[in-house]
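Taking it in order: structure first as structure tokens, then the write-up.
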Amino acid sequence: MISSLKNKSVLSLYDLSVEEIETVLKTAETLKIQRRVGQTVKILEGKVIALIFQKPSTRTKVSFLAGISQLGGTPLYLDGRDLQLGRGETIADTARVLSRYVDAIVARVFAHSDLEELAKYGSIPVINALSDDYHPCQALADILTIYEKVNKVRGIKLANFKGLKITYTGDGDSNMAHETLLLAAKTGMDISLASHKDYQPNDKVMEKVNKVAEESGSKIVITEDPLEAAKDADILYTDALVSMGEDEIGQRKLKDLIAFQLDSKMIEAAKSDAIVMHPLPAIRGAEISAEAMESPRAVIWDQAENRLHVQKALLSLILG
Ligand code: CP
């Protein structure tokens with residue numbers, strides 16, 4: 001059966017239906033087992049995938065390079081500065097040309113509109129490897145991790161996430177805050193987001209998130225009180241307080257947001273078996289305490305591993 005994901009671009013979780021997310025999770029689970037037993041099917045044989053990165057990366061870059069190779073495909077890593085884009089060639093022209101050479105584009109960019117333009121003018125699928133607004137590959141790895149650590153006994157249906165509570169603390173107007181709000185709205189989980197009044201999620205994102213939440217029944221609470229947000233949570237989540245490209249406003253952000261650090265007080269306020277998540281890279285002592293990072297509740301390394309499996313699943317379903 002041909003997947004509805006065939007040839008589809010994925011720029012954020014908005015682009016995926018509940019059924020498509022469930023298919024990605026099931027495929028990722030299979031690929032994870034195949035990797036454990038050394039029997040990965042070479043489903044990307046003959047496919048070339050361009051990776052355009054305008055920002056630094058450890059996890060996304062390495063997991064895409066490794067994952068494409070494990071599936072028998074050829075990854076073509078292109079530093080954004082090496083392309084003619086840096087000398088003024090348009091995104092639209094780059095998309096049209098690359099579409100003649102490769103089978104898909106994975107891109108990490110600053111402006112989300114650059115991804116929309118790549119997808120609009122190219123004739124091949126585009127996968128968001130992080131933009132200033134969204135990070136869907138991370139969100140898919142997070143859903144798989146929550147399923148494995150909190151929800152496995154109930155099966156891989158998103159309907160089974162209903163009733164769980166996720167707490168996001170830190171910068172509320174960042175790509176991971178947006179994507180985690182969407183993750184909750186898509187899965188039907190309740191979410192409490194704690195942030196300083198000057199760093200609340202923006203109206204454009206909230207309008208979209210609220211629409212998705214109306215359909216799933218997810219309850220969304222935005223607060224300035226991190227302990228209230230953490231109360232009875234099943235999942236505690238944070239990300240870097242200063243995003244890539246924000247060096248100039250970094251010190252002020254750190255000062256404003258340090259009160260939202262994921263620490264042992266938040267862990268105590270959450271359920272006794274709550275898990276601690278962070279997409280990495282982490283700055284201990286800023287968005288998360290060293291204690292929380294090393295706590296037995298932290299599932300951060302499994303979360304990082306799952307990037308590999310969900311991205312392989314996504315590529316297999318889009319190009320396989
Ligand atoms: N979480 C994440 O995207 O990590 P990198 O920035 O290292 O790719």
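Whatever order the structure lists ligands and atoms in, that order sets their numbers, starting from 1. All figures in this text were calculated on a predicted structure; none of them were measured in a lab.
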Margin query: Does K26 have more than 12 heavy atoms from other residues, nucleotides or ligands lying within 6.0 Å of its NZ?
Written below: yes
Note to self: I'd like the contact residues of ligand 1, where contact means a heavy atom below 4.0 Å.
What the structure shows: S57, T58, R59, T60, R108, H135, Q138, P279, L280, R307
Next item on the list: Output all residues satisfying ring pair (Phe, Tyr, Trp, His ring centres under 6.0 Å) with Y237, sequence neighbours left out; order by chain, then residue number.
Entry: Y168
Next item on the list: Could I get the full list of ring pair (Phe, Tyr, Trp, His ring centres under 6.0 Å) partners for F110, not counting sequence neighbours?
Entry: none
Notebook entry, point to check: In Å, rounded to the nearest 0.5 Å, how long is the span from CG of L262 to OG of S295?
Noted result: 9.5 Å
Next item on the list: Would you please indicate yes or no on a ring centroid separation below 6.0 angstrom for Y134 and Y14?
Entry: yes
Notebook entry, point to check: Listed by chain and number, what are the side-chain hydrogen bond (donor to acceptor under 3.5 Å, both in side chains) partners of T145, not counting sequence neighbours?
Noted result: N306
